[in-house]
Amino acid sequence: MPSKAKTPILEVTHLKQYFPVKKERILEAKRYVQAVDDVSFSVEPGTTVSIVGESGCGKSTTGRAILRLDDPTSGTIEYNGQDIAKLSKKELKAFRGDIQVIFQDPFASLNPRRTIRQMLNEAMSIQNVMDKTKREDRMLELMDLVGLPYDSLERLPHEFSGGQRQRLGIARALAVNPKLIVCDEAVSALDVSVQAQVLNLMKKLQKELNLTYLFISHDLSVVKHISNRIIVMYLGKIVEIADNEDLFQSPRHPYTQALLSAIPIPDVNVKRTQIDITGDVPSPINPPKGCRFHTRCPFATEHCRTVEPELRTINNTHQVSCHYAETLSF
Amino acid sequence: MLLFIIKRLLQTIPVIFGVTLVVFLIMQMVPGDTAQVLAGEGASQETIEDLREEYGLNDPLHVQYFDYMKGLLQGDMGQSLKNERPVIDEIMVRLPISIELAIYATIVTIIFGITAGIISAVRPYSASDMTVMVIALLGISFPSFWLGMILMFIFSVELQWLPVSGWDSVQHMVLPVLALGTAGAAIVARMTRSSMLEVVRQDYIRTAKAKGIKNYLIIYKHTLRNALIPVITVVGLQFGALLGGTVLIESVFAINGLGRLILESIRMRDLPMVQGGVLVASIIFVLVNLFVDILYKFFNRRIDIN
Amino acid sequence: MKETLLEIEGLKTHFITKKGTGRVVDGIDLTVYKGETLGIVGESGCGKSMTSLSILQLVPEPGKIVAGSIKLNGDDLVTKTEKQMQAIRGNHISMIFQEPMTSLNPVITVGEQIAETIRAHQPISRKEARIKSIEMLRLVGIPSPEERAKQEPYQLSGGMRQRVVIAMALACNPELLIADEPTTALDVTIQSQIIKLMKDLQKELNMAVLFITHDLGVVAESCDRVAVMYAGEIVEKSTTEELFRKPKHPYTKGLLDSIPKINEVQEELTPMKGSIPSPFTEHSGCKFADRCPLATDICFEQHPSLVAYENDSYQVRCFHYNESTSGKDVGHAKQS
């Protein structure tokens, strides 16, 4: 568990990310997709913080903002105490080296005609991480780290299987000695037997290299396995943040509870108490008033329909945005 | 949707404005002297000078252009230098013939093109597919005026089945329409084929098969409807190309359409007439494109959304 | 005694290409009883989807059924003509696919897509079919079905579309529904809604379901019996209860160990080594041998056959299944 005294490596404060919607009619007020709406959290060095939620909850948008791929509508993102929106050119370059990303399919964006050696070389030369003479050694070291044979360096992307590609994605991220890696659905496309290999590798690397992960996923079992702290998002808002065990042992938000109870467990001995939530996720263009979850919440009251709950601390590390977090029992 | 239409309409204004400017400048740069042509051969230098003064040909270029635009905005395209009739009247006589020709050719394009495309796509790489595609390739390769002349030679001169030229009856129309529509039909056939083969691979076609839907319904209802969406754009673009093609075909078959009018006027250096003709043709082209865009957006809305 | 609905014997579906023969489905024996849910579980490329497409005779090029029989109520489907199959598809056997976003035709209203299925198999008028399609939409829990029927797929959410797909599949009251990863593309809360719906409808309409999935969790929750596939073969087949309590095949165990458990704390996962072999690979022994922790010489030399364990309802394809069960207890049975 992370100790409390550490200064965060990443601090997101009141992040809002709105995207304008194309007008359909002439006399229409300008509308926005409220993809991320006032999100605050921090990540401590050497830990894994996960953002989990269903499609459209804003988890990937948050990740993109942290990578500075989109400029936030409002709010700040601080990396080691520095606002990433205000970095100088030189600082930005250093930042781009410190933060790396692993996507679901890292090879979707790669030139299929360049070998792995060329790819890694390019990554290292852009960041200028080391002497050209030492790069060769570093590449071999990277192959060792991610558990691939040395001759992989001479091969082309399409010659690798899904699991190997994800290992290469990790190697590419590690090539520039990053501090923080954003993993956006990094293992979601993999078959379970391969997924387990990659997850173990990521855990091992974290220990060895003292990496920090921001792990974005829809898969709660994976999130549970890898995270120290978990952020649950719904329709652009954080509904609950807690340490791993705390969240799984005593989820306080009805949505978290519903998510947990919806996961099918490969074990015939476990009989789950299922909380049924009906209907679909509402549109983020015109999110429900009050608590955004009230349209699907089995416990919603009039109060929930009108007053938006704050994200509040219910014990020192556990935050929930539900009016009835203390009194609900599932 | 309405917003989209209005936006696209506004976008056409600078395009048309640009067309007037380009046409004007090109006509200025073409060698030859308008006044000379007007005055006829053997006219005295004095007559030529007088004519030049009368038609404002001595004014600086920008003044000439400005005058022309002023008239245009008032609905006045000027007068023909040849016979002093208003340009607009002359165009209104010739335009319907060209439009008729282009529309019939487009119908040929659509009917032959889509039918051939379906025949090809139903059994890809079969003998029927290969035959259709070879014919289509030839259709694209032959220039329309050349095809026109060949058709004329075979059917009018040798076989004497159809009249050689003019635009008076259905018999007159057959050859020019075929000559003009063939290239488009060939392009549409190839597009329909590749689009259908693309659609056939989609998941929803597999779903339709899994439902036990009969083959002909899978082709006509499930595949063709989706496959035609990109074909609409091609047909629209073809219609634009046809307008250009009418210039040649009208000349070959001696049809008094807008294209032939423009061609004659260029030869006569009848500047207002050329400008008027090209302008009207451009406006039609732009409007057709706009129409196609709207159609495409309408049909594509269901796919676009994801 | 359970009544047999579908009986697959020695099914081989191969992809014959210039590179060689891909043994995508390589000798499958499988029985589906009336009214039950049979799960086929395995990782990508194990042949589970090709098995289901083989049943409907919808194997894509260059795939071909090269051996075996698929009998529906004793009637072999493999020998049927395309026309005869059209009368069976969507009528006696229906299928739903993974992607609700792409498995509906984008330019046809959802009502019409259901109605055309009914009209393909029943001599009823357009109007009657339309009324029936609205009934089906109501049955799958779509609110205001009259209006929804007139909409096109793009106007519906992913969960709604999968309900439409189900309505379409069930419109002719099939005896067998093949569900190929029906919930994989959906969010978990929507997934649990859809699984519940399928269970309810199965009971109501008394049909059998062949549930194809990679998700062992979904299998544990929704299937009566389960067959585990690996590299085109069934490696283990049993009741869900027995299989999850004490899996015998090292591959099944490996799969279960690979999944991060939501109900216990694990420092490290126990993954299998290597990856799934290509269907073009030639094997003389057990196809799983080079990834198997228990493999011995015999495993590389001889191909194990599917043998009964204790009783006929439990079958396993492994020389060492006795050892694998006496090994360490499978960690997934603990409760948190």
Side-chain angles (χ1 to χ4, degrees), chain A residues 52-57 147 160-164 187 189-201 203-204 218-227 234 244-245 248-249 255 258-272 274-283 296, chain C residues 41-46 141 143 156-160 183 186-193 195-196 214-222 240-245 251 254-276 278 291 332-336:
Chain A
V52 66
E54 296 178 285
S55 42
C57 73
F160 295 91
S161 69
Q164 289 172 322
V187 298
L190 304 175
D191 275 315
V192 281
S193 68
V194 179
Q195 174 181 294
Q197 295 168 0
V198 175
L199 281 175
N200 278 350
L201 172 69
K203 271 196 151 181
K204 185 188 93 170
H218 71 280
D219 188 334
L220 273 164
S221 342
V222 169
V223 161
K224 173 171 163 86
H225 181 68
I226 200 154
S227 323
Y234 183 78
N244 188 335
E245 253 172 84
F248 282 88
Q249 298 284 330
Y255 177 65
L259 262 188
L260 288 176
S261 80
I263 308 166
I265 300 172
D267 187 339
V268 285
N269 293 318
V270 180
K271 289 280 166 272
R272 319 184 260 128
Q274 192 145 342
I275 299 194
D276 277 328
I277 55 173
T278 49
D280 283 320
V281 182
S283 158
R296 303 174 76 198
Chain C
V41 68
E43 296 180 281
S44 47
C46 71
L156 272 59
S157 70
M160 284 289 175
T183 59
L186 305 173
D187 283 320
V188 277
T189 59
I190 308 297
Q191 165 171 290
S192 73
Q193 289 172 10
I195 289 179
K196 189 168 174 296
H214 72 284
D215 190 332
L216 283 160
V218 170
V219 170
E221 294 202 344
S222 51
T240 309
E241 189 79 12
E242 273 184 295
L243 186 121
F244 279 87
R245 255 184 233 295
Y251 175 67
L255 269 185
L256 283 164
D257 287 343
S258 300
I259 308 168
K261 305 298 177 305
I262 202 87
N263 51 339
E264 57 187 87
V265 181
Q266 301 156 292
E267 194 41 46
E268 206 177 301
L269 298 167
T270 18
M272 282 175 264
K273 58 182 179 183
S275 52
I276 302 142
S278 147
R291 300 180 73 190
H332 65 276
K334 279 176 260 160
Q335 233 178 319
S336 63

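Order of the sequence lines fixes the chain letters, A, B, ..., with proteins taken first and strands second; residue numbering starts at 1 for each chain.
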State, with a plain yes or no, whether a side-chain heavy atom of C:Thr189 is found less than 4.5 Å away from one of A:Arg296.
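Yes; the side chains approach each other to less than 4.5 Å.
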With a 4.5 angstrom heavy-atom cut-off, could you sort out which part of A:Leu220 is near chain C: side chain, backbone, both or neither?
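Both parts, backbone and side chain.
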Side chain from CB out, backbone as N, CA, C, O: work out which of these in A:Gln164 comes under 4.5 Å of a heavy atom of chain C, or both, or neither.
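For A:Gln164, neither part sits under 4.5 Å from chain C.
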For [X] and [Y], work out which heavy atoms get closest and say how close.
{"X": "C:Pro271", "Y": "A:Ser193", "value": "CB-O, 3.9 Å"}
{"X": "C:Glu241", "Y": "A:Val268", "value": "O-CG2, 3.8 Å"}
{"X": "C:Ile259", "Y": "A:Pro266", "value": "CD1-CG, 4.0 Å"}
{"X": "A:Val192", "Y": "C:Glu43", "value": "N-OE2, 3.5 Å"}
{"X": "C:Val188", "Y": "A:Leu259", "value": "CG2-CD2, 3.4 Å"}
{"X": "A:Ala196", "Y": "C:Ser258", "value": "CB-O, 3.5 Å"}

If you tally heavy-atom pairs under 4.5 Å against chain C, which of A:Lys203, A:Gln195, A:His218, A:Lys224 wins?
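The residue among A:Lys203, A:Gln195, A:His218, A:Lys224 with the greatest pair count is A:Lys224.
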Checking side chain to side chain contact (heavy atoms under 4.5 Å, CB included) for the pair A:Asp191/C:Ile276: CA distance, chi angles, key distance, verdict?
CA-CA 10 Å; A:Asp191 275 315; C:Ile276 302 142; 3.6 Å; yes
Need one label for C:Val218: side chain, backbone, both or neither, based on atoms under 4.5 Å from any heavy atom in chain A.
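Both parts, backbone and side chain.
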Identify which part of C:Lys273 has an atom lying under 4.5 Å from any heavy atom of chain A, answering side chain, backbone, both or neither.
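The backbone, not the side chain.
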For each of C:Leu216, C:Asp215, C:Ile195, tally heavy-atom pairs with chain A at distances under 4.5 Å, and name the one with the top tally.
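Most pairs with chain A among the choices: C:Leu216.
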For chain A, find which of C:Ser157, C:Gly158, C:Pro143, C:Gly254 contributes the most heavy-atom pairs closer than 4.5 angstrom.
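Greatest number of close heavy-atom pairs with chain A: C:Ser157.
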Rounded to the nearest 0.5 Å, what separation is found between the CZ atom of C:Arg245 and the CG atom of A:Asp267?
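Nearest 0.5 Å value for the CZ-CG distance: 8.5 Å.
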If you round to the nearest 0.5 Å, how far is CD of C:Glu221 from CD1 of A:Ile265?
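Interatomic distance, A:Ile265 CD1 to C:Glu221 CD, rounded to 0.5 Å: 7.0 Å.
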Donor-acceptor check, side chain of [X] to backbone of [Y], threshold 3.5 angstrom: yes or no?
{"X": "C:Gln193", "Y": "A:Gly279", "value": "yes"}
{"X": "C:Gln191", "Y": "A:Ile263", "value": "no"}
{"X": "A:Gln197", "Y": "C:Gly274", "value": "yes"}

